[in-house]
Amino acid sequence: MSRSRGESSDEQAPTASASDGQSPSVPSGESPAAAAGGRRLALDVHGRLRAMILNGELRPGSVLLQAEMARKLGVSRTPMREAFRLLQEEGLIDARPDQRARVRAVDPADLDAVYGARIMLETLAVSMTAKSFTTADIERMGDALKRMQGLAVDERPDEWHAAHHEFHGIATMAVGPHVRRMIASLGEQSERYIRLAQLGAHSSWGTAYAEHEALLAALRTSDPAEAARVVARHLARTALNVLADVAPEYEPAATRAALGIAGNGRS
């Protein structure tokens, strides 16, 4: 595709050779300290753009111009190029040579895979957590739930999602650090799907809160099987609600299979 008028080479997507996972080489004459500072800035820019995509500020399909985003964030184009490369590797943007980068649209197969994996891992985690839940854990988790219920998610989304993240973090804390990292990564990937579900189904918030309360009750009574069933259905409902809106023809095989296993065979 030919380059559009007025579009500089800095607006183009990173090439395939730039996505080999290696840090950029240090330019001749640049000190290691300067290179490290540049890398930290690129990671900061990446984090800011990533948050804007996950929280819906940058909507699926939005065009991303490196020069425009650099001006918006008050940085040069060099860290912006590296940030775009990292976002492309994560699958959050589509960036091809000679084309403008775009925020990836919702991929039903990706959503299905993410939620299938979340169901399996989080049911394992809550089952283990239920066996060692303490009074202090109950209080912390109850406090997080109260904050969620007291916040208007459409008015204070960042605070609501912080409380939601804390709630689920406490519910899954008994697994080892490696599994916790996997659960956290899947949770981050699914955050924009949660936000889409909230935008598309305000009437389901009451159901979601009832599910959170049921999970807390199962942990309070040290019932691993019930905790697993509750969290499996809670996660599956979010995935199925979003898919019903964005891809009603898609059959979510992974989500349904995971629900059938973790939900005691009842879907």
Side-chain angles (χ1 to χ4, degrees), residues 54 90-91 106-145 147-148 160-198 204 207-243 250-267:
L54 293 178
E90 289 182 297
V106 173
D107 181 344
D110 178 67
L111 187 158
D112 185 33
V114 166
Y115 271 89
R118 277 197 72 182
I119 290 169
M120 298 307 296
L121 287 176
E122 293 198 30
T123 52
L124 167 66
V126 298
S127 297
M128 294 177 64
T129 301
K131 300 173 184 178
S132 59
F133 217 54
T134 68
T135 300
D137 297 329
I138 292 171
E139 291 177 354
R140 290 171 54 219
M141 198 167 165
D143 287 343
L145 181 55
R147 292 202 307 276
M148 290 164 58
W160 188 95
H161 281 277
H164 184 253
H165 177 78
E166 182 180 351
F167 180 90
H168 280 275
I170 298 168
T172 57
M173 66 184 177
V175 292
H178 182 62
V179 177
R180 283 203 306 273
R181 285 193 293 271
M182 290 193 290
I183 290 173
S185 176
L186 290 168
E188 288 181 354
Q189 293 176 58
S190 62
E191 183 173 332
R192 65 171 175 161
Y193 301 139
I194 295 172
R195 293 177 186 256
L196 285 172
Q198 290 168 337
S204 70
T207 301
Y209 286 133
E211 290 167 348
H212 285 98
E213 290 169 351
L215 177 57
L216 179 55
L219 293 172
R220 184 185 290 114
T221 57
S222 300
D223 189 340
E226 180 62 12
R229 283 192 290 269
V230 170
V231 82
R233 294 167 186 171
H234 172 61
L235 293 171
R237 186 182 56 78
T238 299
L240 296 176
N241 281 350
V242 175
L243 284 170
Y250 184 83
E251 174 54 36
T255 297
R256 293 195 184 280
L259 178 61
I261 297 168
N264 197 27
R266 291 175 294 181
S267 60

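In this structure, E211 and V230 approach most closely via the heavy-atom pair O-CG1, 3.4 Å. Closest non-hydrogen pair, T129 versus A171, comes out as OG1-O, 3.0 Å. Nearest heavy atom pair, residue A227 against residue L219, reads CB-CD2, 4.2 Å. Residues A262 and I119 share a closest heavy-atom pair of CB-CG2, 3.8 Å. Among all heavy-atom pairs drawn from L235 and Y115, the shortest one is O-CD2, 3.4 Å. Listed here is the closest heavy atom pair of L240 and P252: CD2-CG, 3.4 Å.
Judged purely by atom type and a 3.5 angstrom limit, H212 uses its side chain to pair as donor or acceptor with the backbone of A208. Under the 3.5 Å distance criterion, the side-chain polar atoms of T255 are left unmatched by any main-chain donor or acceptor of A236. Side chain of D223 to main chain of A218: no donor-acceptor pair is present (N/O by atom type, distance under 3.5 Å, no hydrogens or angles).
Of the N and O atoms on the side chains of H161 and H165, not one donor lies less than 3.5 Å from an acceptor on the other residue.
Remark: R147 pairs with E166 by the side-chain hydrogen bond (donor to acceptor under 3.5 Å, both in side chains) rule, at least two apart or across chains. The salt bridge (charged side-chain N to carboxylate O under 4.0 Å, His left out) check on R140 picks up D137, with sequence neighbours excluded. Not counting sequence neighbours, T123 has no partner by the side-chain hydrogen bond (donor to acceptor under 3.5 Å, both in side chains) test. With sequence neighbours excluded, the residues forming a side-chain hydrogen bond (donor to acceptor under 3.5 Å, both in side chains) with S185 are Q189, listed by chain and number. Take F133 and apply the ring pair (Phe, Tyr, Trp, His ring centres under 6.0 Å) test, not counting sequence neighbours, and it matches no residue.
Rounding to the nearest 0.5 Å gives a distance of 14.5 Å between CZ of R233 and OG1 of T238. The line from CZ of R256 to CD1 of I261 is 14.5 Å long, rounded to the nearest 0.5 Å. To the nearest 0.5 Å, the span separating CD on E139 from CD1 on I170 amounts to 11.0 Å. For the atom pair CE (M141) and CZ (R220), the distance works out to 9.0 Å, reported to the nearest 0.5 Å.
Under the 4.5 Å side-chain criterion, counting only non-hydrogen atoms from C-beta, L215 is in contact with F167. The shortest side-chain heavy-atom distance between M182 and L121 falls under the 4.5 Å cut-off.
Applying the salt bridge (Lys or Arg N to Asp or Glu O under 4.0 Å) test to pairs two or more places apart or on separate chains, those with a residue in residues 119-135 are R118-E122.
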